[in-house]
Amino acid sequence: MRRRWDRCTGMGRRHSKAFAFRERRRQCGSVLWQPGHQRIQGKERRSMAWVKSYYDLLNGLHGYVKDHHLKKVSWNASGSIATASKSAAAPPPGPPPPGPPPPVLPPTDAPAPAQKPDMSGLFASINRGGNVTSALKHVNKDQMTHKNPALRATSVVKAAEKPSAAAKTTAAAAKPVKKNPVFELINKKWTIEYQENKGGADQLVVNVTSKAQSVYIYRCVGSTVVIKGRVNNVTLDQCKKCAVVVDRCISGLDLINSQSIQAQVMEYVPIVNVDKTDGCQVYLSKECIAAEIVTAKSSEMNIMVPQDRKSGS
């Protein structure tokens, strides 16, 4: 350790002035690293950082020698011996000893194994030889099914019985009850429900007095509804063989869950929605030829528009 310190600081026997020696070493290092620093500047940052840190180390060591060891190494005459200082420091106390082990519990009485059933009597009866079948009943030929046709006739499985009258009554009771027809204005909604065979002279006429009113037609059969005036919306829901005639509709015409429906627009409608409907014919006026037709899950749909006699289309 002493030799390494002397070589680094220059405070050996050959150099009496350590500070002057360190100054020459620092200048030599500056002369050596300066050209290399200029050559790698801006290219290798890691090499530049290493050279700079080494040069800073030489400068720091130069200042330290100047402040504390100007001529030679100065040792502390009143210092303590290194070995004595190490032995003086007492080691930290160790962990406390572990506690006693838990007491051992006495063994409990194990349950007795279940006893197997005694099968000696069964095997003894099987090993009797020819006497095993002595207790069986003898079957005569007249009791055998394959030799007696009369016995086969009695074992035929009967066909399923026809449903009784009580079952028919239950099925009839399951049919939906016929409800009273409805034709009234509730707030701003015309409600037409459960109308049957209202056509021709008995057709239903709705006189709309406000453009905020709407018409809802539900579960009608074989009926015709004529809507006069400017209506907001018209909806046919679960109807069969019905027809609706609308003068002018502001929002749209909806045909939902119906069968064999006819709808005619006399003046204007912006959109016609056909959803889950089988058999639908829509008649559009010349004013609403550009109306939008939206269909979903429907079949047998026809859209009729007026024909221009001059152009033939």
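Note that the coordinates shown come from a computational prediction; the quantities given were computed from them, not determined experimentally.
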Practice task
Could you go through the side-chain contact (heavy atoms from CB on, under 4.5 Å) check for R248 and E287 one step at a time?
Solution key: CA-CA 10 Å; R248 179 176 287 269; E287 186 178 354; 2.9 Å; yes

Problem - Residue that, paired with L204, satisfies side chain to side chain contact (heavy atoms under 4.5 Å, CB included) out of V244, I217, T224, V225 - result: V225

Handout entry: N187, CG: over 12 other non-hydrogen atoms inside 6.0 angstrom
Key = no

Exercise for the section: Compare all side-chain heavy atoms of K189 with those of S214 and state whether any distance is below 4.5 angstrom. Expected result: yes

Practice task
Locate the shortest heavy-atom distance separating D202 from K198; write the atom from each residue and the value.
Solution key: O-CB, 3.6 Å

Completion exercise
V246 and C249 have their tightest heavy-atom pair at CG1-CB, 4.1 Å

Practice task
Look only at the side chain of N233 and the backbone of G252, and say whether a donor-acceptor pair between them is shorter than 3.5 Å.
Solution key: yes

Practice task
Look at atom CE of M266 and say whether more than 12 heavy atoms of other residues, nucleotides or ligands are closer to it than 6.0 Å.
Solution key: no

Handout entry: Short side-chain to backbone donor-acceptor contact, E196 and S223, under 3.5 Å
Key = no

Exercise for the section: Search all heavy atoms of V269 against all heavy atoms of V272 and return the closest pair with its distance. Expected result: CG1-CG2, 4.1 Å

Practice task
Using side chain to side chain contact (heavy atoms under 4.5 Å, CB included) as the criterion, point out the one residue from V208, N207, N232, V206 that pairs with Q213.
Solution key: V208

Practice task
Give me the ring orientation class for F183 and W190: parallel if the planes are under 30° apart, tilted from 30 to 60°, perpendicular past 60°.
Solution key: tilted

Practice task
Report yes or no: does S298 contribute a side-chain atom to a donor-acceptor pair with the main-chain N or O of K276 at less than 3.5 Å?
Solution key: yes

Practice task
Using the rule that two of Ile, Leu, Val, Met, Phe, Trp, Tyr join whenever any of their side-chain heavy atoms come within less than 4.5 Å, decide whether V305 and V274 are in one cluster.
Solution key: yes

Exercise for the section: Indicate yes or no for a side-chain donor-acceptor contact from S260 to the backbone of K241 under 3.5 Å, with no hydrogens or angles considered. Expected result: no

Handout entry: Verdict with reasoning, I261 to C239, per side-chain contact (heavy atoms from CB on, under 4.5 Å)
Key = CA-CA 8 Å; I261 300 299; C239 297; 4.1 Å; yes

Practice task
Could you walk me through whether D247 and K228 pass the side-chain contact (heavy atoms from CB on, under 4.5 Å) test, one step at a time?
Solution key: CA-CA 6 Å; D247 286 348; K228 296 183 178 181; 3.8 Å; yes

Completion exercise
Paired with Y216, the side-chain hydrogen bond (donor to acceptor under 3.5 Å, both in side chains) test is passed by just one of T191, D237, T235, namely D237

Problem - For the student: nearest non-hydrogen atoms of V265 and C288, plus distance - result: CG1-SG, 4.0 Å

Fill in the blank from the handout: In terms of heavy-atom contacts, I271 and S251 come closest through CG2-O, 3.4 Å

Handout entry: Any side-chain donor near an acceptor of the partner, Y283 and Q281, under 3.5 Å
Key = yes

Practice task
Using a 4.5 Å cut-off on heavy atoms from C-beta on, say whether the side chain of C220 contacts that of I192.
Solution key: yes

Exercise for the section: Please name the pair of heavy atoms, one in G222 and one in C242, separated by the smallest distance, quoted to 0.1 Å. Expected result: N-SG, 3.8 Å

